[in-house]
Structures are given as C-alpha cells and as structure tokens.
There are 2 protein chains.
Amino acid sequence: MQDDVQPVRSGRPRHASIIDVATLAGVSPATVSRSLRGHHNVSPATRQRVLEAAEELSYSASPQASGLASGRTRTIGLVVPFVTRWFFANAVAGAYQVLADAGYDVLLYHLGSAATRDRFFERMPLTRRVDAVVTLALPLDEEHTLALRALDMPLVTLGAQIPGVSSVRIDDAAAVRLAVYHLVHQGHEDIAMISGDQDDLGFGFLSSQDRCEGFRQAMASAGLRAREELMVSGEYGIEGGARAMTALMAGPTLPTAVFAEYDELAIGALRTLRRASIPVPGRVSVVGMDDHEMASVVDLTTVAQPVLEQGGTAARLLLEVLDRGETEVVDVVVPTRLVVRGTTAAPHPN
Amino acid sequence: MQDDVQPVRSGRPRHASIIDVATLAGVSPATVSRSLRGHHNVSPATRQRVLEAAEELSYSASPQASGLASGRTRTIGLVVPFVTRWFFANAVAGAYQVLADAGYDVLLYHLGSAATRDRFFERMPLTRRVDAVVTLALPLDEEHTLALRALDMPLVTLGAQIPGVSSVRIDDAAAVRLAVYHLVHQGHEDIAMISGDQDDLGFGFLSSQDRCEGFRQAMASAGLRAREELMVSGEYGIEGGARAMTALMAGPTLPTAVFAEYDELAIGALRTLRRASIPVPGRVSVVGMDDHEMASVVDLTTVAQPVLEQGGTAARLLLEVLDRGETEVVDVVVPTRLVVRGTTAAPHPN
DNA sequence: ACGCCGACTGCAAACGGTTGCAGGTGGGCG
DNA sequence: CGCCCACCTGCAACCGTTTGCAGTCGGCGT
C-alpha cells in the first residue's frame, strides 16, 4: 500500500549536498570542502574538477552545517536602537556594505521598543548566531554592558564607548564646542539646549550625556553659564524637538539661541518656531548636530559628522579581529565640522 | 612537552550542550529537546526537571544544530534597496517588530549599491539561511523574479507585486489620483511630475512605474494632458528632486504645480524652488507622496500611507504561511489619504 | 488475573559539513 | 638506485539537535 511512495513535496529542490558534488567530481567530501574554501593543499587539477562539479549542481554549502562543524557563522550582529532614525540607518548602511563585501551576512537586532529591548537583553539571541557584534550608540547600563561582554566575542561600538571595547565615534564634547562657540562668537549669551530624552525608551544614549556635559563645559569655558532652566529634553525625533521648543517658549525668557543635540530635535524646534511666527534666525538662532540629510532643506546650521563612514570603519575594525586576529582595542575618533547655514545669526539687539 | 595542555583560549565559555542538560536532569537528550520545545508527550514532572537543569546551565540550543536537524532556521530575510530611505527604514521597523515578537531573527540584505545587488542575485545568499523572505519594493526584472521564486520558500512583497506572490501595498494609481485631483480641483492645468530615476541603480522601482502611469491616467480622466516634457526624473533622494526641479525650471514654461512620486523628491524640489525664490504655493504648488516624517516640517501637502503598518502586515502574512501553513496568496491593499498642508493652493492668476 | 492500551522515554539515525591524522605517491637528492 | 619528504587525498570522528521507532510500565476493562 504505502510503498506507493508519492512524492508529496516533489517541488522541494533538495539542494545538492557536498556528497553529490564529491561523487560527481570523483573525490571525497573532504576534498570538496577544501577545494571550495580555497585551501592550499589541493592540486589545481582536482580543484578545477570540483569547481566544475559544484557549478554543475549549483551547489552551495549549508551555512548551518558548516557553521556547526566549523564553529563560526559568517554572520555579524548589528544592534540598533532605531533603524528609522537617519543616523542609525546610515550607520547600518555603512557597516553593511563593508560586511557584505567581506562575505558576511548581517543579522539585525532592532531595539525600537522597550519590550523588544528587554527581550533582547534577557534572551541574548546573539549567543550562537553570530561571530561578532557591532552596537550602535547603545546605552552603558551596567547590566547590559555585562551581558554584551559575556558573549565573549569580538565587539565594536559605534557612537559609544565601553571600557576595553573598540569603538568608532566623534568627540562629542568637541563637536558641541564647535556649535556653542559659533553661537558665542555671534554674540549669543542666552543659549538653550534641547537634548534627547534620557528616559526616552527607558535608556539614554551615551552621546546624549556627553553632549549635555560638553554643552556645560563649552558654555563655561566661554565664560557663560548654562542655565538649567534652559536645558530641556524631548523624545527622540522631530516631535520631541517640537515639544521641547514649546516648553522653552513657555518659560519666562526666550533664549536668543538654541542648540539641539540632534538635527531631528533642531528641526522639530524649527517647526515650532515657525508655526509660532518667531523669526529664525531673527529672534532665535538654531543649531543642530549630525548634518541630517534634511538640514540643507531647512537651511539648518549644524555640526556634520560622517555617519556612513563610521559604520564602515566599525565594520572594518571587526573584520580585522575576525580575519586577521587583531586583538588590540582601538578608539577611532572621526572629525566633525561646523556647517554654517541660515538658522544662525547675531542676536537681535532687542 | 606538549602534553602540557595549556588552555590557550580558556576564556571560551563552551556553551552547555543538550547533553549536559540531559545528564544533569537525568534524562536523555531527546527528552530535553522535547521538553524545551513544549512538546506534549513529556510528563510534567520530567519537563519541570529539565527546565530547571536548563536554567541552571543557562542553556540555549544551538541555532545551527537545531536548524540542521530540523530543516528550519527561525530566520527571515528582509531584502531592502535602501535602508537609509524613510520608507524602507519604516517598513523594516514594522516588519521587524512582528517577526521578533514571533521569535524570528531577521537577516538583512541591503541592495544599496549596484555591486551589492548584483552579488545578491548572483549568489542568492538566502538559499539555506532563511525560512522565508520579504522583499521591499523590489524590481520585477524577469531574471530577478525567477531567482526569487527559485528559492521556493514563502515570500511576501511589500510595495510591489509578483504574480503568484502575496503582497502588501497601496493602490498607487488611486493614491496618485488623490494628489492630482487635489491639484486639478484647485484649478491647476500645467502639472509636472517628478519621478524616481528609472535607471537609478540600474533598476526602477515598481511603484515608480505605477505612479507614472497613474499620473497619466489621472490627468487624462481629468481632461488634461500629461505633457511629456513636464515629466522629469531624478535619482532617489532629496538631491534627485532638487535636480529634477532645476531641469523643470530650465524648460520653456514653468508649470503651476508639481507632483512628486515621493516626498523626498518633493522636498528636494521645494529646496530648489525656495533657493530660486519662487513662491510656493504662490507660483508653484507642490505635492508629494508618502507623508514622510519631514513633510510636516516643510508643510508639504502629500498623500499618506501607513508604512510601519504595511511592514507589520507583510510580516504577519509570512508568519501565517510559516506557522499555520496558510497557502493562499493574498494581495493586501492598504488605504491612502490626502494630507493637505501649505504647499498647494490655487494657481496664481498671473 | 490477564491482555491491551496509552503515556512516557530512550535509542540511534539522520542533518551536511569540517578537520586532524594517516596513507599513498612521485620526485629530488645522496 | 634507494630513501626521505613533500604534497595530495581519503577516513572517520565530530559539531549539537531533532525525530521516527521501539520499548517499558502502570492502569483498566472484562
């Protein structure tokens, strides 16, 4: 009865296995493996035959099996807070390009919501799935740091620093100084700062803290006081900046300039100002940070940083560890640059 | 000499294996496997013991091994042209959330450059790595379509259609109509269209074709003629829109309205217009599409589509196939909505 | 009291490669 | 002309789970 073996799932292509290739090429599976992975100890003639057989069967090794046997996955984990943000999307794109070119696959971990983030750190899905990890501007929370180190695999951070871990970043304090000095040189004294909400998703980004601190220092070294009532925050994104600006406008005195930790916040602030018909830069100057793609559109003065490039650099750092066994931890600091556009001017003599 | 086995890589945690758990719990590996995966044929007491042992050793199964044995990867491939674009980033975020909640990992394939894309289709790295794929607004090129189908695994497209494949999308023609009729009702007759460059990366996006066609139809059904010299294109992104607008301005007659296939193009066009001091909407009205986050900032009239939601829907479609064996191919069309802002008005009586 | 049955559990064979080790072969050198 | 040694290649033991099949055991129907 049931020897009537009907090929129910006949559609399944049933990929060729290494044995098929070996048989076709008339060699052993071991030789196929060595040939295909470019090992040196295979004669050219044999290799050629294997290559042809593999081609013929359009064979490609099962990543699972080879991973299991070799202990490596040829996959790298990218941990991102919000892919939808310009900065992160570009960093991902930059890293991806380099990794893909090097033949690695990229597993994306998006911590966009608190629930997702918690599950991430709880289950640490990276455990045996990847060979290395790059984390983008992730929080330093003690527990999280430990969880990451516990993975005990190559790790690079972008836009953040963890002791003993390689990183790629800008000098946040210096970048902020660029922005603040620009305003100061124009004669501003009442300068407000809009920062990303520290409690945004339940964690604050590292650079956020650095930038706030940098702001205070820059103000101080310019002989000005960073008034705490002029330091407000909003959740990450345009809306956050808009709300923060609203808060600022509700205060007793409107500052003559606003520095925003990210362009998206600055842009939100601009929207609020425009809707309130407050002239920019006539009454309030605005300067942001990152040089978001949209900055040129709203003519925003900002501090530019090379995001795509940082992503690429982070990836390359990882590859060096992976492929060349490089072991030194490095801290790459890339330069920033003030881009003066139309949202800043001398304060109104008012 | 070398029996002096120095534990060079002593740091390696050497994850607990299923055998360790089995030993500790006093059962066989098979029972551990069954217990952990919630199979029904394990007695509660045994299961409990296994769970504790696993917890104790903080065991988690090797994805590689279980993938190899079970034939599935618990991973889904996301194929994206440009993560850095608002639309794609949001679609990814939407899909990610759903997939992560369902316990799937996400492998990202970013086709950002021509080289990467070619390599992708040539090597089809998805082959044994994922259980299913969602492609975002990818081209229909005959060869590529075949390559995707050849994978012979569940597939869902977002913002595109392939015969016989489930999809999530908007009705592009209808959406365009919304925009065009809005302009027409305001009295515009000379309406230009800026579209994404078909030869952008060597391929045109599907929706691009649909939207151009939709534009022609909408114009026709409004009794107007879509003048080919008023249909220009630019590469994807703000700069493309800016250049396209420049081209338009160089033409013999400046149209009274411009419809852009994407908000990013529209925003680029706005920048050009503003820099040229051409009043918007006084002299030229502009309407875009997508309701990009920045649209509210530049006060752009546009046609909104729910991107995050579409990503989620696409993911859910996939899960239904994967988890419930659903086999019907569906085509989910989500609604769009005209958002009138400040870049459109009746044409200047000039 | 005995056979039958269902509920659990263990055995062992895959899954598809990688790699240390050993064997075979031909060439170069003494 | 024989020996030693590279250089190739094959053998077989893993890598860590999943799963079909078979065996065990207690309880229940008759």
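Below, read A as the first sequence line, B as the second, and so on, with proteins coming before strands; counting in each chain starts at 1.
For B/Arg72 and C/dC15, the CZ to C1' distance is 13 Å, given to the nearest whole Å. The nearest whole Å value for the distance from the CG atom in A/Leu68 to the C1' atom in C/dT18 is 10 Å. A/Leu57 places its CG atom 14 Å from the P atom of C/dG16, with the value rounded to the nearest Å. For A/Asn41 and C/dT19, the CG to P distance is 11 Å, given to the nearest whole Å. Distance A/Leu36 CG to C/dT19 C1': 15 Å, rounded to the nearest Å. Atom P of nucleotide C/dT9 and atom CD1 of B/Ile18 are separated by 15 Å, given to the nearest angstrom. Between the CG atom of A/Asp20 and the C1' atom of C/dC15 there is a distance of 14 Å, given to the nearest Å.
Candidate nucleotides C/dT19, C/dA12, C/dG17 were compared by shortest atom distance to the side chain of B/Ala30, and C/dA12 ranks first. Considering only side-chain atoms of B/Ala69, the nucleotide from C/dC15, C/dT9, C/dG10 that sits closest is C/dC15.
Side chains of B/Thr75 and B/Val106 form no contact here, defined as non-hydrogen atoms less than 4.5 Å apart. Using a 4.5 Å cut-off on side-chain heavy atoms (C-beta onward), B/Leu78 and B/Tyr109 make no contact. No side-chain heavy atom of A/Phe87 sits under 4.5 Å from any side-chain heavy atom of A/Leu136. Side-chain atoms of A/Glu56 and A/Leu24, non-hydrogen and from C-beta on, do get closer than 4.5 Å to each other.
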Q: Starting from the C-alpha separation in whole Å, work towards a yes-or-no answer on salt bridge (charged side-chain N to carboxylate O under 4.0 Å, His left out) for A/Asp105 and B/Arg129.
A: CA-CA 10 Å; A/Asp105 273 337; B/Arg129 297 220 112 117; 2.4 Å; yes
**Q.** Worked verdict on A/Val92 versus B/Leu108 for side chain to side chain contact (heavy atoms under 4.5 Å, CB included)
**A.** CA-CA 10 Å; A/Val92 166; B/Leu108 183 71; 3.9 Å; yes
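Looking at heavy-atom distances under 4.0 Å, A/Arg47 makes no contact with the nucleic acid at all. Residue B/Val32 is out of contact with every strand shown, counting any heavy-atom pair closer than 4.0 Å. Among the heavy atoms of the strands lying under 4.0 Å from B/Arg37 are primed sugar atoms or P, OP1, OP2 only; no base atom is included. Among the atoms of the strands shown, only primed sugar atoms or phosphate atoms (P, OP1, OP2) are found under 4.0 Å from some heavy atom of B/Ala61. B/Arg128 comes within 4.0 angstrom of the backbone, heavy atoms only, and of no base.
Residue-to-nucleotide proximity on DNA chain C shows that, of B/Gly26 and B/Ser70, the 5′-proximal contact is made by B/Gly26. Heavy-atom nearest nucleotides on DNA chain C were determined for B/Ala65 and for B/Arg49, and the one closer to the 5' end corresponds to B/Arg49.
A close approach under 4.0 Å does not occur between any side-chain nitrogen or oxygen of B/Thr31 and OP1 or OP2 of C/dT9. Residue A/Ser62 places no side-chain N or O under 4.0 Å from the OP1 or OP2 atom of C/dG16. In terms of phosphate contacts, B/Thr46 brings no side-chain nitrogen or oxygen within less than 4.0 Å of OP1 or OP2 of C/dC8.
Under the 3.5 Å distance criterion, with hydrogens and angles disregarded, no donor-acceptor pair is assigned to the side chains of B/Asp101 and B/Tyr96. Looking only at atom types and distance, the side chain of A/Thr84 has no donor-acceptor partner in the side chain of B/Asn90 under 3.5 Å away.
Taking every nucleotide of DNA chain D with any atom under 4.0 Å from a non-hydrogen atom of chain B, the first and last of them, 5' to 3', are D/dG16 to D/dG20.
For A/Arg34 against C/dG17, a side-chain-to-base donor-acceptor contact under 3.5 Å is absent.
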